[in-house]
2 protein chains.
Amino acid sequence: MVTIKDIAKQAGVTYGTVSRALNGEPGVSEKTRSRIKAIAEQMNYVPNLAAKRMVDRSSNCIGIIWPKIEGLFFYRLSERIQEEASRRGIRIMLSVAEPEDALSSFQEHFIDKVVHWVYSEQTAAFIAAKQSFPGTILEVGSRSAGEGPSLEIDRKGAVFKAVRHLAELGHERIAFVGARTDKWVGYTQGLVDFDREYHPDDIVMTRLSDPDMEAKILGYLSRDRNDRATAVIVDSQGMMFEFARLVHAAKVRIPEQLSLVGYDDVPELHRLLPVSITTVGPDIDTLANRLMDTITRADAAEDSTDRNDRIIEGVLTVRESTQPPFGM
Amino acid sequence: MVTIKDIAKQAGVTYGTVSRALNGEPGVSEKTRSRIKAIAEQMNYVPNLAAKRMVDRSSNCIGIIWPKIEGLFFYRLSERIQEEASRRGIRIMLSVAEPEDALSSFQEHFIDKVVHWVYSEQTAAFIAAKQSFPGTILEVGSRSAGEGPSLEIDRKGAVFKAVRHLAELGHERIAFVGARTDKWVGYTQGLVDFDREYHPDDIVMTRLSDPDMEAKILGYLSRDRNDRATAVIVDSQGMMFEFARLVHAAKVRIPEQLSLVGYDDVPELHRLLPVSITTVGPDIDTLANRLMDTITRADAAEDSTDRNDRIIEGVLTVRESTQPPFGM
DNA sequence: CTGTTAGCGCTTTCAC
DNA sequence: GTGAAAGCGCTAACAG
């Protein structure tokens, strides 16, 4: 293993100088600095993080805990986070272990900045592990109850925007497929604000784990066209996979017979139907950016950031799957 | 921060003794050991892992380089690898960075066992990085040219099994959609062995990056039914997403009008069509298991393993999408 | 059984 | 602008 001492020997300087040169510290002439850098490169020098860590407490590596759900969206998001991190010269490590194990794993590797996707109740084991974790944990997703740094995704507002879009197109009856979450609240809010009739039948309350999901959706899609909404909002990307399949099965034509908005914009979505799908949800690039900004500054200005700056708005991307209702 | 020196002072021993006591090393009387342990506990001592790591540079962690392509299959695979690793008390870290960056990242963190998915030409930068990597790299996927440990997936044999299955069902004309890879070789081999007519028209040579992909597939699916095969093999899961969409567009009914076999068994596949899809490809559990076995034993019996033991067979899973041809 | 001490690779202060 | 050296917390080898 090559250390800064080896480089020092090669370069004919002391290893203190090598350290300064490689870390961009002042007090080294540009000439020797570039010479040292070249030698380090050529010798395949890899810094020893354990040693670094013993001296200063910094680590330019961010750990990410992979959420069990969120499938494709998070997959895409982590690609973007990686790009953004590379641009900033920061390393990224992912763990797909149970959250509490992921934390110890990171701790063992001197990673003191961690991103955690919040999507449901946290286990007692994880909450305990968080307490004793020595670094910073950024919670992304739902409104965070905790003290630490967080980034909230305005899911409610996002779905609200979907309703507004459909209302503006002229849809009177708008359906919702999904679970009773923030997204559902945004939906009901939209109905109220845009003065659409609240029709309990137009809400298909279900989730992926629901054994009756298929029957419920199929039941709704098979109704007489006069007896159902002209537009529908599907509350997650996972649900959209199911929904698309059942749309085919029920031979419903999108958007001629039904306008469709999906939550979360992942490329795979647009392979599901002959038409591209209008989506709402956080913009992946924005999210990746804000996420990196927040975590890198987490220690610095702990609570200087306004609570409002911690919210990621949803973005509506209009595509082929939404049209004015038939006959307009 | 409390260190072993603080504990030593409290206990009236030297810190060497504290180290031995806390690490279960022999050479400490049970009496002092328990006393020291009690003091450590009471002082909230947390060992400094960076310092530990500097001395004994081991880590029971395996690094995995996330491939740029292969999408969902690898995603599922890494879940299984994680489960298998947890069972064995081994940590897993994933990197989605460029392979060469992933390697240095692992090296910085003292991760000396790395799994790399081989799927195409490797960049010069990565080959160089591999050379100077101090640990073991397990190459999984294609036949590995290199010396190191490897695990080959028999893609050719897998597709061959698909052809056999279709032949046994009675299909005379079998089509292939995909690229000119091992899988295609398995297809042609199958045609020969099962005495099926080689029909150049039944091969839709394309890949996801091909701008004409859609036109080619749609062209084939739109042909008169007497002028095309009664069964088709699609060579990747990514391609299957496209294929399924075009099947819908061309209003071809699976399996009544066309039997279908896909490569790689990922759950998402079965949401694409009204029927579940027959697949071939490596079994994810087997792969995860063999992978862990191989990498954990990589140092021990380097070349004791027979070349044949390094091959993962493909598995055929028959589902609804394959039936005897219409009229049989 | 316990004390002593040489490093592990690096950053940082203090001299020159 | 560069060298010298202290020390981060710990393990392990050796001495007693």
Side-chain angles (χ1 to χ4, degrees), chain A residues 1-41 43-61 91 107-112 134-135, chain B residues 1-41 43-60 104-112 132 134-135:
Chain A
M1 183 176 218
V2 29
T3 72
I4 49 171
K5 286 189 182 169
D6 302 319
I7 298 175
K9 222 170 288 166
Q10 271 283 316
V13 293
T14 53
Y15 65 94
T17 304
V18 175
S19 171
R20 279 181 291 241
L22 259 27
N23 291 300
E25 296 291 322
V28 193
S29 69
E30 271 317 309
K31 191 167 145 251
T32 43
R33 188 191 297 275
S34 57
R35 191 161 55 89
I36 287 173
K37 278 187 166 173
I39 293 175
E41 172 96 2
M43 291 180 84
N44 278 313
Y45 168 70
V46 173
N48 181 324
L49 287 188
K52 266 191 140 84
R53 187 51 192 275
M54 278 194 57
V55 183
D56 65 355
R57 329 192 56 68
S58 76
S59 129
N60 75 140
C61 183
R91 305 269 193 204
Q107 194 175 341
E108 282 177 6
H109 290 91
F110 335 118
I111 296 170
D112 58 359
Chain B
M1 187 175 214
V2 31
T3 73
I4 51 173
K5 285 188 182 169
D6 302 319
I7 298 176
K9 221 168 288 166
Q10 271 284 316
V13 292
T14 54
Y15 67 95
T17 305
V18 175
S19 171
R20 278 181 292 242
L22 259 27
N23 290 300
E25 297 290 322
V28 194
S29 70
E30 270 318 309
K31 193 169 144 250
T32 44
R33 188 192 298 275
S34 58
R35 191 160 55 89
I36 288 173
K37 277 186 167 173
I39 293 175
E41 173 96 3
M43 292 180 83
N44 275 315
Y45 168 70
V46 175
N48 182 324
L49 295 172
K52 270 189 137 83
R53 187 58 58 75
M54 278 199 56
V55 183
D56 71 336
R57 34 213 33 258
S58 68
S59 104
N60 73 139
S104 0
S105 202
F106 289 145
Q107 192 175 344
E108 284 177 359
H109 288 280
F110 301 90
I111 296 171
D112 56 1
S132 65

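Naming convention: chains lettered A, B, ... in sequence-line order (proteins, then strands); numbering from 1 in each chain. All heavy atoms count here, side chains included; hydrogens, waters and symmetry mates do not.
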ask   = Looking for any heavy atom pair under 4.0 Å, which part of the strands does B:F110 touch: base, sugar-phosphate only, or nothing?
value =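 B:F110: no heavy atom of the nucleic acid under 4.0 Å.
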
ask   = How is B:T14 classified with respect to the nucleic acid when contacts are heavy atoms under 4.0 Å: base, sugar-phosphate, or nothing?
value =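 Contact class for B:T14: base.
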
note = Rounding to 0.5 Å, atoms CG (B:L22) and OG1 (B:T17) come to a distance of 11.5 Å

ask   = Atom CD in A:E41, atom CD1 in A:I7: separation rounded to 0.5 Å?
value =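 Answer for the CD-CD1 pair, A:E41 versus A:I7, is 10.5 Å.
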
request  = On DNA chain C, reading 5' to 3', which nucleotide is the first and which the last to sit with an atom under 4.0 Å from a heavy atom of chain B, could you check?
outcome  =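 Nucleotide range in contact with chain B: C:dC1 to C:dG9.
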
Would you name the heavy atoms of [X] and [Y] that are closest together and state the gap between them?
X      : Y      : answer
B:R20  : B:P26  : CD-O, 4.2 Å
A:K31  : A:S34  : O-OG, 3.0 Å
A:A51  : A:N48  : N-OD1, 3.0 Å
B:P134 : B:Q107 : CD-CD, 3.5 Å
A:V2   : A:Y45  : O-CD1, 3.4 Å
A:T3   : A:D6   : N-OD2, 2.8 Å

query = Given that A:M1 and A:T17 both sit by DNA chain C, which one's nearest nucleotide is further toward the 5' end?
reply = A:M1

task = State whether the side chain of B:S59 and the backbone N or O of B:F110 hold a donor-acceptor pair below 3.5 Å, judged by distance alone.
result = yes

key: A:R33: partners by salt bridge (Lys or Arg N to Asp or Glu O under 4.0 Å), with sequence neighbours left out   =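 Once residues adjacent in sequence are excluded, the partners of A:R33 under the salt bridge (Lys or Arg N to Asp or Glu O under 4.0 Å) criterion are A:E30.
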
message = Does this structure show an ion pair linking A:K52 with B:E108, if we count only N-O contacts that are shorter than 4.0 Å?
response =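 A salt bridge is absent here (no side-chain N lies under 4.0 Å from a carboxylate O).
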
query = What are the residues of residues 28-37 of chain A, sorted by number, that bring a heavy atom to within less than 4.0 Å of DNA chain D?
reply = A:V28, A:S29, A:T32

query = For residues 19-27 of chain A, which residues have at least one heavy atom under 4.0 Å from DNA chain D?
reply = A:R20, A:G27

Would a 4.5 Å heavy-atom cut-off, applied to side chains only, mark [X] and [Y] as touching?
X     : Y     : result
B:E25 : B:S19 : no
B:I36 : B:I39 : no
A:R53 : B:L49 : no

task = Determine, step by step, whether A:H109 and A:C61 satisfy the side chain to side chain contact (heavy atoms under 4.5 Å, CB included) criterion, reporting the C-alpha distance in whole Å, the side-chain angles of both residues, the deciding distance to 0.1 Å, and the verdict.
result = CA-CA 10 Å; A:H109 290 91; A:C61 183; over 6 Å; no

Degree of bending in the helix from C:dC1-D:dG16 to C:dC16-D:dG1 once both end axes are built from five pairs, to 10° = 40°

ask   = From the 5' end of DNA chain D to its 3' end, which nucleotides mark the outer limits of contact with chain A, defined by a 4.0 Å heavy-atom distance cut-off (strictly under)?
value = D:dG1 to D:dG9

